[in-house]
Protein chains: 2
Amino acid sequence: MDNHLPTLEDVAERAGVSTATVSRSLNAPDRVSAHTRDKVMAAVRELGYAPNFGAQALAAKRTNTFGAIIPTMENAIFARGLQAFQEELSREGITLLVASSSYSPELEEEQMRALVARGADALLLIGHDRTPECYAFLEHRQIPHVVAWTYDKTRARLSIGFDNRKAMKALADRVLDLGHRTIAMISAETAGNDRARERVEGVKDAIEASGLNPAALRLVETPYAIANGASAFEALMQGADRPTAVLCGNDVLAAGALSMARKLGIDVPGDVSITGFDDIEIAEIVTPPLTTVHVPHREMGRGAARLLVALRNGEDPGPSVELEARLEWRETLGVVCG
Amino acid sequence: MDNHLPTLEDVAERAGVSTATVSRSLNAPDRVSAHTRDKVMAAVRELGYAPNFGAQALAAKRTNTFGAIIPTMENAIFARGLQAFQEELSREGITLLVASSSYSPELEEEQMRALVARGADALLLIGHDRTPECYAFLEHRQIPHVVAWTYDKTRARLSIGFDNRKAMKALADRVLDLGHRTIAMISAETAGNDRARERVEGVKDAIEASGLNPAALRLVETPYAIANGASAFEALMQGADRPTAVLCGNDVLAAGALSMARKLGIDVPGDVSITGFDDIEIAEIVTPPLTTVHVPHREMGRGAARLLVALRNGEDPGPSVELEARLEWRETLGVVCG
DNA sequence: TCACGCAATGCAAGCGCTTACATTGCCAGG
DNA sequence: CCTGGCAATGTAAGCGCTTGCATTGCGTGA
């Protein structure tokens, strides 16, 4: 059998109209009389017609596809935000393509090209750090894009997010208030990750503000993974002069730290306090539940979608938007003891 | 400025060859002399040329895009498998498009159409349960597809996965061996989810095999979410005749149950045993670490990719493949205490 | 009754690429 | 020196859709 999928022309013939009319019935129904539209729709149904994506993209010069490049799909940090992003886009009839860069700048550029090659009309990017080539590419191809998950008033690029540094400082202030003086931090790798870097700076800000020497902060950098949080914590607990508080750059590292604490028989927060950042689902489940910073994932996702749609439509998206991240008090942060 | 992106023709002109030669240099380099190829590549670089996706898809009648429809992106059950799927595909120069159905058959059909409309050459599907319309659509459009995350020898459709029923029976056998007689189960919703259903059947199989009445199994069905696991567990603990073991259909529900146990001051596994299924990351992190069934996520993803590529290329993919799921013994399952 | 305007529809030119087929030019064998 | 064969390249016909512009036909006001 000649398994020829029905084309616009087949539909047109069946409905006894021109292809232009069929196209209009589908894409701009009010430009066609009700009677004609009904005939066309009937033909569409009978034939099981579906437009050819390639042809449509080629002719219309837009794909109604947006792309998002996130650092990782593995853990759920971006899941919630992306979900909201997606929901908002689908309201506009836009499909989302997701790619992950595995926290690698080279890979990010590659993914960016791949998404654009696949016809992405606009891009959602995470954080400000990326290669000049990436930005040059965006400029050159005039790709509408917004940066999310961070807000930095010193950057001109359109973005939506919160101030990582400020949020982390607020947490660290609290830690210091509780009397902690020997503080360590387990951070995600800061190279190519402005959010991680800002969080480290936030801690230092707090330390400095309290009159201590920020250089004294014991800092371990390690890739984003539970097991790494665990081994970093273990290393931190090895030496003499143990910290009484370990601030983690994210919940995943904190979860690892927490599990290692349990394995080592270290009581949290009795012997040492541990904090996270992000407030993803595991923060509530670990034992004890993690004190962390709640990040407005959904708002960022939704807001980013709105900015991007405006941009794509040639409208004015307005200025970058700053959201609030607030302390989520649970049970892993206590006063310093003895 | 006339921001005309370079086309094949521009490249051809610059390199002093025809568009056909440029196309060939890009897609079948060995059909072109080295000298010409170099000239072309130079022109491509100078112009920053990138092929137009729509045009390419239209002319070549294939997009090199595969689609995957998973029940949810929210939690990480499918993340690892999808990651492996993706890696294998990218080796073949294929891009992955992911859509989620939120466990809704109607949405699944919609997503399926959306993916195909966007040019997906082939589809990865989870589980066997879906509407007849879905299958009719796949048949009609002749979309290559494979079913993953389950293996059922009674189904003809090409699939890769493990036998959910058998795996759960093995776990339940173990539970019974440890002396548990009052058993409850918290299952994901079984409607439209053959995997969940099979897991319930597996528990019943075990109960029956041990000479007990499977009808006595206390069964709660609830949507996939930690909080639901918690409330289901709470309900189960309310009445008299508490179960001594609560088998959960997946790790997420088990994590919820576990956290509720802690809140209620119920010792696990001292007072009651809890088990999960899937062995996702949280299984290791919760306290105590969850005894569960390890599912070969990565193998399924990789294998599915291989089957699908073969299918798309018109090769023989061979028969469905059955993988093994094995018990992952941790700390939430203990002997029944009198 | 006649023109005029406007809504509905048709016509046909692309959109940028792939690829079957035609052409060219070169080399080896006779 | 001629010719068949083959590798390299060119020519041009679509692929299925959108859309600017042309055409049709109707209702309306003068």
Side-chain angles (χ1 to χ4, degrees), chain A residues 2-41 43-44 47-65 93 113 116-121 141, chain B residues 2-44 47-65 93 116-121 141:
Chain A
D2 178 27
N3 211 292
H4 188 64
L5 288 179
T7 70
L8 244 210
E9 200 173 344
D10 297 330
V11 177
E13 189 178 351
R14 175 142 195 156
V17 298
S18 73
T19 61
T21 299
V22 177
S23 175
R24 281 192 281 257
S25 304
L26 262 23
N27 302 318
D30 35 290
R31 298 201 43 209
V32 155
S33 74
H35 176 234
T36 310
R37 201 188 316 134
D38 292 348
K39 269 195 312 189
V40 170
M41 290 316 192
V44 165
L47 260 33
Y49 168 79
N52 174 301
F53 179 67
Q56 197 163 352
L58 179 57
K61 300 183 180 183
R62 73 146 66 167
T63 58
N64 282 319
T65 299
R113 287 180 186 280
V116 170
R118 302 202 53 69
D121 293 334
R141 302 283 296 244
Chain B
D2 177 27
N3 210 295
H4 186 65
L5 288 179
T7 69
L8 243 210
E9 200 172 344
D10 298 329
V11 177
E13 189 178 352
R14 175 143 197 156
V17 298
S18 72
T19 60
T21 300
V22 177
S23 175
R24 280 191 282 257
S25 304
L26 262 23
N27 303 318
D30 35 291
R31 297 199 45 208
V32 154
S33 75
H35 176 235
T36 309
R37 203 189 313 136
D38 292 347
K39 270 196 311 191
V40 171
M41 290 317 192
V44 165
L47 260 34
Y49 169 79
N52 174 300
F53 178 69
Q56 197 163 353
L58 179 57
K61 301 184 180 186
R62 70 146 67 167
T63 57
N64 281 322
T65 298
V116 170
R118 306 208 68 68
D121 293 333
R141 302 284 294 245

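Remember, predicted model here, so these are calculated numbers, not experimental data. Residue numbers start from 1 in every chain, and the chains themselves are labelled A, B, ... in the order their sequence lines are given, proteins ahead of strands. Side-chain atoms are counted along with the backbone in the values below, which use heavy atoms only and exclude waters and symmetry mates.
Residue whose closest nucleotide on DNA chain C sits further toward the 5' end, between Ala55(A) and Val22(B): Ala55(A). Toward the 5' end of DNA chain D, the nearer of the two residues Thr19(A) and Ala20(B), judged by each one's closest nucleotide, is Ala20(B).
Neither OP1 nor OP2 of dT9(D) sits under 4.0 Å from any side-chain N or O of Ser18(B). The side chain of Ser23(B) contributes an N or O atom lying less than 4.0 Å from OP1 or OP2 of dT18(C). At dT18(D), one or more side-chain N or O atoms of Asn27(A) fall inside 4.0 Å of OP1 or OP2 (strictly under the cut-off). For dT9(C), one of the phosphate oxygens OP1 or OP2 lies less than 4.0 angstrom from a side-chain nitrogen or oxygen of Thr36(A). For Gln56(A) and dT18(D), the shortest distance from a side-chain N or O to OP1 or OP2 is below 4.0 Å. The phosphate of dG16(D) has neither OP1 nor OP2 within less than 4.0 Å of any side-chain N or O from Thr7(A). Within the 4.0 Å cut-off from OP1 or OP2 of dT9(C), at least one side-chain nitrogen or oxygen of Ser33(A) is found.
Listed for the Ser25(A) side chain is no donor-acceptor partner under 3.5 Å among the backbone atoms of Val40(A). Remark: side-chain polar atoms of Arg24(A) are not paired, donor with acceptor, to backbone N or O of Val32(A) under 3.5 angstrom.
Comparing atom distances between the Pro51(B) side chain and each of dC17(C), dT9(D), dG16(C) picks out dC17(C) as nearest. Comparing dC17(C), dT9(D), dG16(D) by their closest approach to the side chain of Asn52(B) singles out dC17(C). Picking from dG10(C), dC17(C), dT9(D) the nucleotide with the shortest atom distance to the side chain of Val17(A) gives dG10(C).
Between the NE2 atom of His35(A) and the P atom of dA8(C) there is a distance of 14 Å, given to the nearest Å. Atom CG in Leu8(B) sits about 15 Å away from atom C1' in dG14(D), given to the nearest Å. If you take CG of Leu58(B) and P of dT18(C), they are 11 Å apart, rounded to a whole angstrom. Remark: P of dC17(D) and CZ of Arg62(A) are 18 Å apart, rounded to the nearest angstrom. Computed from coordinates, the Arg31(B) CZ to dC6(D) P distance equals 15 Å when rounded to whole Å. Spacing between atom CZ of Arg37(A) and atom P of dA7(C) amounts to 15 Å, rounded to whole angstrom units. One interatomic measurement links the two molecules: NZ of Lys61(A) to C1' of dT19(D), which rounds to 11 Å at whole-angstrom precision. Summarising the geometry, the separation between CD on Glu13(B) and P on dT11(D) is reported as 13 Å, rounded to the nearest angstrom.
Here Phe53(B) lies out of heavy-atom contact (under 4.0 Å) with every strand.
When side chains are defined from C-beta on, Thr7(A) counts as touching Asp10(A), because their heavy atoms get closer than 4.5 Å. Side chains of Asn27(A) and Ser23(A) form a contact here, defined as non-hydrogen atoms less than 4.5 Å apart. Annotation: side chain of Leu26(B) is in contact with side chain of Tyr49(B) (closest heavy-atom distance under 4.5 Å).
Between Arg118(A) atom CZ and Gln56(B) atom CD the span is 9.5 Å, to the nearest 0.5 Å.
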